[in-house]
Amino acid sequence: MGIASRFKEEKFLVAALVVAAIAYLLEHAVIEMGRGVALIAAAALVGTIVLASIRVAHHAELLAVKVGDPYGTMILTLSAVAVEVIILAIMMSGESSPTLVRDTIYSALMLDINGILGLAALLGGLKHGEQPYNDNSGKTYGVMILTAMGISMIVPEFVPSDKWHYYSAFTIVAMIALYGLFLRMQVGQHSYFFSYSYPRSERKKESPDEHGPDESAAISIATILVGVVIIGLLAEFMAAFMTEGLRDSGAPIAVTAVVVAAISAAPEILTALRAALRNRMQATVNIAMGASLSTVILTVPVMEAIALYTGQPFMMAMTPVQTVMVAITLIAAAINLNDGETNAIEGMTHFILFATFVMLTALGL
């Protein structure tokens, strides 16, 4: 593929780079124009970031097809979490709420499990009925998410403020240890937990060209890295515009967190829905639950390390409403992902929980 064809193929990333350059040149002028213009600019940058994220996810998906599960979905979820961590790190360096990280992780969990998995299971169930997957994956993801959320976002409520740095350091070590063992299990002796052998007739339904032209892994990796850098540039300006646009507006603080979580989840939503509609629920479970786990277990140590380095703690303990919603979500997931098959009813239960999350956020809870 020639250079011209490559630029045409990656037009979204090229456009994102152009938008980043324009934002750099007009940043101060836009902020001086007032909150309304700043919010419009922030919305435009959010849309641009989503388009760039979709291209990053596309190349992650190409790599996923080459290496197969469980490596494939791991690459996809890690690329999404990388985008989220970069955006959070940039926003935390400026004027931001001390609860931004907590609210973003909570929002990501609601989006991934209740939004993505719920909608995918609902639509897939209406089309295919009961959809099979490896129940070992659901159980493993569930207990890992519960442990990680409990350690990092429930227990901190009981840690005295003068001892936060000790517990913060412990949390970093605990998350790294959990994820290290999980990775070894996922790609090692227990890799079969996260894969499912579909009948031959279902494999034939997959078009060999559905993922586009064959590209080298090196090109995909390079494009992912370039895309993440561009997204980081866009996120810096988006954070500045959004902070200015929401200043003294009375909008719920959690709106920013929901936007960050939605940006990182956008590519995963498309991939998970496509998999569910093709009756490949294992990929959907891996993406939704894997993204939730990766968000908690990778975002927390990075943000905690930044807090220790800067000496500025942030609030990780969830509110009572958030704790209840997380508990209901994980209990429902434990029940629904226990038998190796999903259906429309199970999908609807999670999607109603997602609608409840949206309602509570709108109410500022």
Side-chain angles (χ1 to χ4, degrees), residues 64 68-78 81 105-106 108-122 124-125 128-154 174-175 177-198 268 271-272 275-276 279-298 300 323-351 353-354:
D69 280 330
Y71 301 92
T73 48
M74 183 177 68
I75 292 171
L76 185 61
T77 55
L78 286 177
V81 171
I105 294 175
Y106 165 70
L109 188 76
M110 295 295 106
L111 279 167
D112 291 332
I113 299 181
N114 292 329
I116 296 177
L117 184 59
L119 184 59
L122 174 60
H128 299 287
E130 294 181 332
Q131 296 184 278
Y133 64 93
N134 189 337
D135 62 334
N136 284 315
S137 58
K139 295 173 183 176
T140 304
Y141 280 127
V143 71
M144 291 286 288
I145 293 170
L146 176 61
T147 302
M149 290 289 288
I151 290 173
S152 63
M153 299 180 69
I154 296 178
M175 294 298 106
L178 273 174
Y179 196 64
L181 180 61
F182 176 75
L183 276 185
R184 180 177 179 181
M185 182 178 72
Q186 190 178 29
V187 302
Q189 63 188 109
H190 294 297
S191 61
Y192 66 91
F193 277 18
F194 308 93
S195 61
Y196 184 83
S197 180
Y198 293 95
E268 296 168 342
T271 306
N279 201 23
R280 301 184 71 80
M281 185 51 68
Q282 184 62 54
T284 300
V285 171
N286 284 353
I287 290 171
M289 299 297 285
S292 297
L293 176 61
S294 297
T295 296
V296 181
I297 217 166
L298 294 179
V300 167
T323 302
V324 169
M325 283 296 294
V326 167
I328 295 174
T329 294
L330 293 180
I331 291 172
I335 296 172
N336 290 337
L337 297 178
N338 189 52
D339 59 354
E341 288 183 328
T342 62
N343 56 58
I345 294 176
E346 293 175 351
M348 190 62 179
T349 59
H350 281 291
F351 195 67
L353 285 173
F354 176 70

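No hydrogens, no waters, no symmetry mates; every other heavy atom, side chains included, goes into these values.
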All heavy atoms of Ala276 vs all of Met281, minimum pair found to be CB-CE, 4.0 Å

Taking the side chain as every heavy atom from C-beta outward, state whether Met175 and Leu298 have any pair of such atoms under 4.5 Å apart.
no

Approximate separation, where rounding is to 0.5 Å, of Ser292 OG and Leu117 CG:
8.5 Å

Report yes or no: do Glu130 and Asn343 form a side-chain donor-acceptor pair below 3.5 Å?
no

Would you compute the distance between atom CD1 of Ile105 and atom CE of Met110 and round it to the nearest 0.5 angstrom?
12.5 Å

Do Ile113 and Leu330 have side chains that get closer than 4.5 Å, going by heavy atoms?
yes

Take Val300 and Ile151, measure what side chain to side chain contact (heavy atoms under 4.5 Å, CB included) needs, and give me the verdict at the end.
CA-CA 10 Å; Val300 167; Ile151 290 173; over 6 Å; no

Can you find a heavy atom in the side chain of Met289 that is under 4.5 Å from one in the side chain of Ser137?
no

From the options Leu111, Asp112, Leu109, select the one residue that forms a side chain to side chain contact (heavy atoms under 4.5 Å, CB included) with Thr295.
Asp112

Between Ile297 and Phe182, is any pair of side-chain heavy atoms under 4.5 Å apart?
no

Any side-chain heavy-atom pair from Ile116 and Phe354 closer than 4.5 angstrom?
no

How far does CE of Met144 sit from CG of Leu293, to the nearest 0.5 angstrom?
5.0 Å

Identify the heavy atoms of Val143 and Thr147 that sit nearest to each other, and give their distance.
O-OG1, 2.9 Å

Could you state the interatomic distance from OG1 (Thr140) to CD1 (Ile145), rounded to the nearest 0.5 Å?
10.5 Å

I'd like to know whether Asp339 forms a side chain to side chain contact (heavy atoms under 4.5 Å, CB included) with Tyr133, so could you lay out the CA-CA distance, the side-chain angles of the two residues, the decisive distance to 0.1 Å, and finally the verdict.
CA-CA 9 Å; Asp339 59 354; Tyr133 64 93; 4.1 Å; yes

Taking all non-hydrogen atoms of both residues, which atom of Met325 and which atom of Leu353 are closest, and how far apart?
CE-O, 3.5 Å

Residues Ala272 and Ala120: closest non-hydrogen pair is O-CB, 4.2 Å

Please check if the side chain of Glu346 supplies one atom and the backbone of Ala121 the other of a donor-acceptor pair under 3.5 Å.
no

Does a side-chain heavy-atom distance below 4.5 Å link Thr342 with Thr284?
no

With Asp135 via side-chain hydrogen bond (donor to acceptor under 3.5 Å, both in side chains) - residues at least two apart:
Lys139

Just how far is it from atom CD1 of Ile328 to atom OG1 of Thr349, taken to the nearest 0.5 Å?
11.5 Å

Which heavy-atom pair separates Ser294 from Tyr179 by the least distance, and what is that distance?
OG-OH, 4.1 Å

